[in-house]
Amino acid sequence: MARKQQGQALVESVVGLSLVIIPLLVVFPLLSKVSSAQHRADQAAHYNAWERTVWKEGRPDRMPSRSGLYVAIRSDDQQMQYLPWRLYQQDGRKIASRHQEKWSWDNRVHPLLKYPLRRDGTNTLLLKNLQESAKDEQELARITGSQQGTGTPGTYGKTVEQAVGMLSFTGFKLPRDQFYRTQIRTDLENLNMSPFDELDLSVHGQSALLASGWNAAGPYHVRNRVRRLVLTNYMDVGVIRTAQNLIGIIPFGKEIKSNSLKLGFVEPDVLPANRLCTYGTKNCGG
């Protein structure tokens, strides 16, 4: 009886290695790649939420019309096109606001997002193509997402918005899309190996950011917006300025002149002082 049991431990070890250990050796590297894809989806959602507080979908209210003034406007698709360049490309690549070269999912993507999915062992991009007719150079071929700006959540935030909204009769307005929510989704390719060929995995990144509606595009924008809250602003008309200049002729009336007593005058005082520039111009974010 003892002779018949010889080699049983060896057989059990072989069975255990075949059914447990070897699949784990395959899954662990794949989990590392999936974790990397999840991390980048989270970063992309954070980046989109942050950028949307600066880049608007339309022209801000009370934006002054003057030459040389840069208005930060981007659509959702334009904003999404920056994600591969900033978060999915290889290390050591230069990040720029304007790209001279075309994007390539095969040649530019980070190696952590590639895995030997096929039987021949060649590294294949883990991110699935979301469109059958999409080309390799299209930035949005393998990622998708949504961006939404809503009012401030909570009873207190809504009360403040309503209170500020009561000032709209003066022409003073603040953007109400101060609470930004973003989502990023990427689908993952299946392994060419049973039972991993039917996983149909996808990773989702979500982020939310509460911003301030007082954000302005430079001192001219601040002046145009705040001026509506200065009561003497409505006295700054030609007739009153003429009367001021006439009164200024009288001795001791120089301070009444329109160039001295400026009705509705607003002077932005921003700290640090180097922020007193027109954003988008030379040496000021341009």
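Everything numeric here is computed off the predicted structure, so don't read it as measured data.
A heavy-atom distance below 4.5 Å is not found between the side chains of Glu51 and Tyr82. Side-chain atoms of Asn233 and Leu263, non-hydrogen and from C-beta on, never get closer than 4.5 Å to each other. Counting only heavy atoms from C-beta outward, the side chains of Glu189 and Tyr115 never approach each other to under 4.5 Å. The shortest side-chain heavy-atom distance between Ser202 and His204 falls under the 4.5 Å cut-off.
The CD1 atom of Ile247 lies 11.0 Å from the OG1 atom of Thr242; values are rounded to the nearest 0.5 Å. If you take OH on Tyr180 and OG1 on Thr150, they are separated by 9.5 Å, rounding to the nearest 0.5 Å. Rounded to the nearest 0.5 angstrom, Ser104 OG and Lys135 NZ are separated by 13.5 Å. Residue Gln244 holds its CD atom at 7.5 Å from CE of Met235, rounded to the nearest 0.5 Å. The CD atom of Gln90 sits 11.0 Å away from atom CG of Leu112, with the distance rounded to the nearest 0.5 Å. Here the straight-line distance linking atom CG of Leu87 with atom CD1 of Ile143 works out to 8.5 Å at 0.5 Å rounding.
Ser35 places no side-chain N or O within 3.5 Å of a backbone atom of Leu31 that could act as its donor or acceptor partner. Between the Asn48 side chain and the Gln183 main chain, no donor and acceptor come within less than 3.5 Å of each other. Between the side chain of Arg185 and the main chain of Thr144, no donor-acceptor pair closer than 3.5 Å is present. Under a 3.5 Å cut-off, the side chain of Thr182 and the backbone N or O of Ala45 do form a donor-acceptor pair. Counting only distance, with no hydrogens or angles, the side chain of Gln147 and the backbone of Ser75 share no donor-acceptor pair below 3.5 Å. In this structure, Trp105 contributes its side chain and Gln138 its backbone to a donor-acceptor pair below 3.5 Å. In terms of modelled atom types and a separation under 3.5 Å, the side chain of Ser260 and the main chain of Ile256 share no donor-acceptor contact. In this structure, Lys128 contributes its side chain and Leu201 its backbone to no donor-acceptor pair below 3.5 Å. With hydrogens and angles disregarded, a donor-acceptor distance shorter than 3.5 Å links the side chain of Gln89 to the backbone of Trp85.
The minimum heavy-atom distance linking Val266 with Arg223 is given by the pair O-NE, 3.2 Å. Between Ala49 and Leu209, the shortest heavy-atom distance links the atoms O-CD2, 3.8 Å. Taking all atoms of both residues into account, the shortest heavy-atom contact from Tyr234 to Arg228 is OH-O, 3.2 Å. Scanning both residues, Val203 and Ala37, for their nearest heavy atoms gives CG2-O, 4.0 Å. Closest heavy-atom contact between Leu126 and Val34: CD2-N, 4.1 Å. His46 approaches Ser207 most closely through the heavy-atom pair ND1-OG, 2.9 Å.
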inquiry  = One pair to check against side-chain contact (heavy atoms from CB on, under 4.5 Å): Ile184 and Met80. What are the steps and the verdict?
reply    = CA-CA 9 Å; Ile184 299 295; Met80 288 281 294; 3.8 Å; yes
inquiry  = Apply side-chain contact (heavy atoms from CB on, under 4.5 Å) to residues Arg40 and Leu113 and explain how you reach the verdict.
reply    = CA-CA 10 Å; Arg40 280 167 170 76; Leu113 297 176; 3.7 Å; yes
inquiry  = Walk me through whether Glu255 and Leu261 qualify under side-chain contact (heavy atoms from CB on, under 4.5 Å).
reply    = CA-CA 6 Å; Glu255 289 78 7; Leu261 180 60; over 6 Å; no
request  = Determine, step by step, whether Tyr88 and Arg142 satisfy the side-chain hydrogen bond (donor to acceptor under 3.5 Å, both in side chains) criterion, reporting the C-alpha distance in whole Å, the side-chain angles of both residues, the deciding distance to 0.1 Å, and the verdict.
outcome  = CA-CA 11 Å; Tyr88 288 86; Arg142 299 177 186 268; over 6 Å; no
ask   = Are Asp77 and Gln81 close enough, and set up right, to give a side-chain hydrogen bond (donor to acceptor under 3.5 Å, both in side chains), and what steps lead you there?
value = CA-CA 6 Å; Asp77 287 342; Gln81 289 175 355; over 6 Å; no
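Checked for salt-bridge contact, Asp236 and Lys262 miss the test: no charged N lies under 4.0 Å from a carboxylate O.
The side-chain contact (heavy atoms from CB on, under 4.5 Å) test with Lys114 is passed by exactly one of Leu127, Val109, Thr124: Val109.
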